[in-house]
Amino acid sequence: MFTPQAKLRTAATAATMAAALIGLGAGAANAADWPPLQEGAYLYSGTNGTGTVTEVDLGDVGTCHTLAQSVRSVQIVDGSASVVLYTGTGCTGSTWASGTLAQSNLSVARLSYRVVPA
């Protein structure tokens, strides 16, 4: 059974996550016209969520995927998985990890990725 303090922490965490989603969606839309936030993970060939879209299968944990086209931005909304992107094919080179809530342009093009548990 949860204590009153645990219930308050749970409610506070839920409220913080909701505020982050709302703020991330509204701020990005005003600043750069990103696509609307939606559950899942999406990789884009252009910056600010533009260009060719690759939908990531978040259930395929650990498998390395080499992309047909490099990606320059990422959007992810998921509570249990994140994406690690690599500069080289075959999950080689420098990495960038998304976390479970991200909407970001990448500093350099990425050529492969793998899903990891959060």
Side-chain angles (χ1 to χ4, degrees):
M1 181 161 240
F2 290 114
T3 65
Q5 287 178 333
K7 288 180 184 177
L8 283 174
R9 276 193 302 257
T10 301
T13 300
T16 301
M17 184 69 155
L21 281 171
I22 291 166
L24 184 60
N30 290 336
D33 295 321
W34 279 81
L37 281 177
Q38 57 185 330
E39 192 169 337
Y42 305 90
L43 308 175
Y44 301 92
S45 62
T47 58
N48 300 326
T50 62
T52 305
V53 180
T54 301
E55 186 173 357
V56 175
D57 177 1
L58 292 173
D60 189 12
V61 176
T63 304
C64 178
H65 297 272
T66 296
L67 297 157
Q69 184 175 9
S70 64
V71 296
R72 295 299 310 236
S73 56
V74 60
Q75 179 174 288
I76 180 168
V77 177
D78 188 78
S80 60
S82 62
V83 178
V84 177
L85 295 154
Y86 299 84
T87 54
T89 59
C91 296
T92 60
S94 64
T95 61
W96 184 89
S98 70
T100 61
L101 177 62
Q103 186 177 54
S104 182
N105 288 320
L106 303 168
S107 59
V108 296
R110 304 294 168 151
L111 299 173
S112 58
Y113 73 91
R114 97 176 57 228
V115 175
V116 296

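The first residue in the sequence is number 1, and the count goes up from there.
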If only atom types and distance count, is the side chain of Ser98 paired as donor or acceptor with the main-chain N or O of Val83 below 3.5 Å?
yes
Distance (rounded to the nearest 0.5 Å) between Gln75 CD and Leu101 CG
9.5 Å
Locate the shortest heavy-atom distance separating Gly90 from Cys64; write the atom from each residue and the value.
C-SG, 3.3 Å
Taking every non-hydrogen atom, the tightest pair across Thr92 and Ser112:
N-OG, 4.2 Å
CD on Gln103 to OH on Tyr42, rounded to 0.5 Å:
12.5 Å
Any donor-acceptor pair under 3.5 Å linking the side chain of Thr87 with the backbone of Ser94?
yes
Flag side-chain contact, heavy atom, 4.5 Å: Asn105 against Trp34:
yes
Closest heavy-atom pair and its distance - Thr100, Asp78:
CB-O, 2.6 Å
Less than 4.5 Å apart, side chain to side chain, heavy atoms only: is that true for Ser104 and Trp96?
yes
Determine whether Val84 and Leu111 fall in the same hydrophobic cluster, where Ile, Leu, Val, Met, Phe, Trp and Tyr are linked whenever their side-chain heavy atoms lie under 4.5 Å apart.
no
Of all the heavy-atom pairs spanning Arg72 and Ser45, show the shortest one and how long it is.
CG-O, 3.3 Å
Taking all non-hydrogen atoms of both residues, which atom of Ser73 and which atom of Thr50 are closest, and how far apart?
OG-N, 4.4 Å
The side chain to side chain contact (heavy atoms under 4.5 Å, CB included) partners of Leu67 (sequence neighbours excluded) come to Leu43, Thr54, Val71, Tyr113
In short, Gly62 meets Arg114 closest at the heavy-atom pair O-NH1, 2.9 Å
Joint hydrophobic cluster, Val61 plus Val56, side-chain heavy atoms closer than 4.5 Å:
yes
Asp60: partners by side chain to side chain contact (heavy atoms under 4.5 Å, CB included), with sequence neighbours left out
Asp57, Thr63, His65
